[in-house]
Amino acid sequence: MSSSIPLVQLQNISRKYYLGKTEISALDNLNFQINKNDFVVLAGPSGSGKTTLLNIIGCIDKPSAGKVFFEEKEITDTPLEKLNHLRLQNIGFIFQSFNLIPVLTAFENIELPLLFKGYDEKTIKDLAEKFLQRMGIADKMHQKPANLSGGQRQRLAIARALAGNPSLIIADEPTASLDRKNAIAIIELLRELNDELGVTIVLASHDQMIIDHAKTKLFMQDGKVVNV
Ligand SMILES: Nc1ncnc2c1ncn2[C@@H]1O[C@H](COP(=O)(O)OP(=O)(O)OP(=O)(O)O)[C@@H](O)[C@H]1O
Ligand SMILES: [Mg+2]
C-alpha cells in the first residue's frame, strides 16, 4: 500500500517543444499526484511523453505551463540551478543505459554522489558496502563497469541511486537493455526496495511484465494521462 501523503503534485502541466516553427505538445494539461511510498509505472507508446514527464518530476526540466509541488512546496518558479540541491538530497535516477562512470570502480561510482552530498568517508564506505551487498554484487566492489554484466551494472546503478537515502527514485526504462531473466530480477528487486525502504519509485516502461508490478499505473497517450 502507498500512503496518501503527497510527494510530487502536478497541476495542469503542459510541455511544448519547438522544432523550427513546429510546436510539439509533449505533455498536454496533466494533473496527478504521486504519493509517498507509491510504485508508479508510466506506460504508453513511444513518443507519448513518458520521459518528458519523468524529467519534470525529477526536477531536471520545467513545464511550459502548470504548477509543480515537491513535498507540498511549490517549486514551479524555482530556477533549475536552485533545484540542484533538492535533487541531490531527495532524488535518485536509474537509466536504461545505466549511466555509470566507466573509469571508476563500482565502489567509486557509489562514492562520488555521496561525496557531493558531504558524507564522510566512513559513512560512505558503510553505505556502499551495505548496498553492494543488498544488490548481490559485493564481490564486484573493485571492478569497473566494463567488467560487469548488464544485470550487474543495473544493480550497481540502483545501489548508487539508493545509497544517498532519496525519497524518490526515477527510473526511465530501467530494464530495456536487459534480457528477460535480469529484467524480472531487477523489477522484483525494485519492488522489494520500495517496501523495505519506503522509497517512492516512478518508472517508465512499455513492458507489460513491468506494468504488472505497479501499485499505480498511469497510461499515457499523446501527452495525456488516459487513465489514473
Ligand atoms: N528535446 C526535444 N525536442 C523536441 N521534441 C522532443 C524533445 N524531447 C521529446 N520530444 C518530443 O516530445 C514527445 C514526447 O517524447 P518523450 O521522449 O517524452 O516520449 P516517450 O514516451 O518517453 O517515448 P519512448 O517510449 O520512445 O522513450 C515526442 O513527440 C518527442 O518527439
Ligand atoms: Mg522515453
Side-chain angles (χ1 to χ4, degrees), residues 7-34 38-70 75-76 78-81 83-84 87 91-100 150-151 153-154 157-158 160-161 166 168-180 182-184 186-187 189-191 194 200-228:
L7 181 64
V8 180
Q9 291 158 289
L10 302 175
Q11 293 177 358
N12 305 110
I13 294 295
S14 298
R15 175 68 166 100
K16 295 183 187 344
Y17 293 112
Y18 297 92
L19 288 177
K21 288 191 173 150
T22 315
E23 182 184 285
I24 297 163
S25 178
L27 299 176
D28 184 8
N29 202 25
L30 296 192
N31 284 283
F32 69 91
Q33 169 170 322
I34 295 163
D38 207 346
F39 193 102
V40 180
V41 177
L42 296 178
S46 181
S48 59
K50 302 181 299 295
T51 297
T52 305
L53 184 54
L54 287 183
N55 289 343
I56 291 175
I57 296 169
C59 304
I60 37 186
D61 188 26
K62 292 281 198 180
S64 312
K67 293 184 174 181
V68 184
F69 298 80
F70 195 90
I75 55 166
T76 315
T78 313
L80 283 174
E81 317 80 70
L83 291 175
N84 285 342
R87 214 170 42 241
I91 308 179
F93 292 88
I94 300 170
F95 302 93
Q96 174 178 345
S97 51
F98 321 128
N99 291 22
L100 297 163
R153 285 179 207 176
Q154 199 54 305
I158 295 170
R160 176 181 62 179
L168 175 62
I169 292 278
I170 300 218
D172 198 356
E173 314 261 4
T175 59
S177 304
L178 304 176
D179 61 35
R180 212 63 200 149
N182 271 304
I184 294 170
I186 290 290
I187 194 69
L189 183 57
L190 287 171
R191 269 299 262 116
N194 170 247
T200 307
I201 299 184
V202 183
L203 189 154
S205 179
H206 318 85
D207 181 342
Q208 190 57 48
M209 181 276 289
I210 304 291
I211 299 165
D212 290 341
H213 282 77
K215 288 180 179 169
T216 301
K217 296 171 194 161
L218 295 177
F219 289 95
M220 296 190 67
Q221 197 160 20
D222 299 329
K224 289 185 178 12
V225 174
V226 289
N227 84 311
V228 181

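As the structure lists them, so they are numbered: ligands from 1, and atoms in each ligand from 1. Heavy-atom basis, side chains included; hydrogens, waters and symmetry copies ignored.
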re atom 12 (O) of ligand 1, the protein heavy-atom contact at minimum distance is A26 CB, 3.4 Å

Which value, rounded to the nearest 0.5 Å, describes the distance between R153 atom CZ and L100 atom CG?
8.0 Å

Which protein heavy atom lies closest to atom 9 (C) of ligand 1, and at what distance to 0.1 Å?
Y17 CE1, 3.3 Å

Any protein heavy atom at under 4.0 Å, with atom 30 (C) of ligand 1 as the reference point?
no

How far is atom 26 (O) of ligand 1 from its nearest protein heavy atom, and which residue and atom name does that atom have?
S46 OG, 2.5 Å

Find all atoms of ligand 1 within a distance of less than 4.0 Å from any non-hydrogen atom belonging to G47, and give their numbers and elements.
13 (C), 14 (C), 19 (O), 20 (P), 21 (O), 23 (O), 24 (P), 26 (O), 28 (C), 29 (O)

Under 4.0 Å from one or more heavy atoms of E173, ligand 1 contributes atoms 25 (O)

Is the shortest distance from a heavy atom of R15 to ligand 1 less than 4.0 Å?
no

2.8 Å cut-off met by an N, O or S atom of T51 to the Mg ion (ligand 2):
yes

Rounding to 0.5 Å, atoms CD1 (I170) and CD1 (I34) come to a distance of 7.0 Å

Can you check whether P45's main-chain N or O pairs, donor with acceptor, with K50's side chain at less than 3.5 Å?
yes

What verdict does the side chain to side chain contact (heavy atoms under 4.5 Å, CB included) test give for I60 and L80, after you've listed the backbone C-alpha separation in whole Å, the side-chain angles of each residue and the deciding distance to 0.1 Å?
CA-CA 7 Å; I60 37 186; L80 283 174; 5.7 Å; no

Counting each atom of ligand 1 from 1 as listed, which ones have a heavy atom of T51 under 4.0 Å away?
17 (O), 18 (O), 20 (P), 22 (O), 27 (O)

What is the distance from atom CZ of F32 to atom CG of L42, rounded to the nearest 0.5 Å?
6.0 Å

So, does A204 sit close enough to ligand 1 that a heavy atom of it is under 4.0 Å from the ligand?
no

Numbering the atoms of ligand 1 from 1, which are under 4.0 Å from a heavy atom of T52?
14 (C), 15 (O), 16 (P), 18 (O)

Does any N or O in the side chain of S205 come within less than 3.5 Å of the main-chain N or O of I210, such that one atom is a donor and the other an acceptor?
no

Atom indices of ligand 1, in the order listed, that fall short of 4.0 Å to a heavy atom of S48:
19 (O), 21 (O)

Under 4.0 Å to a heavy atom of P45 - the qualifying atoms of ligand 1, by number:
21 (O)

So, 4.0 Å and heavy atoms of G44: is ligand 1 close enough to count as a contact?
no

Rounded to the nearest 0.5 Å, how far apart are CG of L168 and CZ of F93?
7.5 Å

Taking 4.0 Å as the limit for heavy-atom contacts, which would you say applies to M220 with ligand 1: side chain only, backbone only, both, or neither?
neither

Decide yes or no for N31 and N12: does some side-chain heavy atom of the first lie under 4.5 Å from some side-chain heavy atom of the second?
yes

From K16 NZ over to T22 OG1, what is the distance, rounded to the nearest 0.5 angstrom?
14.0 Å

Identify, for atom 25 (O) of ligand 1, the protein heavy atom at the shortest distance, and state residue, atom and that distance.
K50 NZ, 2.7 Å

Basic-acidic side-chain contact under 4.0 Å: K224, D28
yes

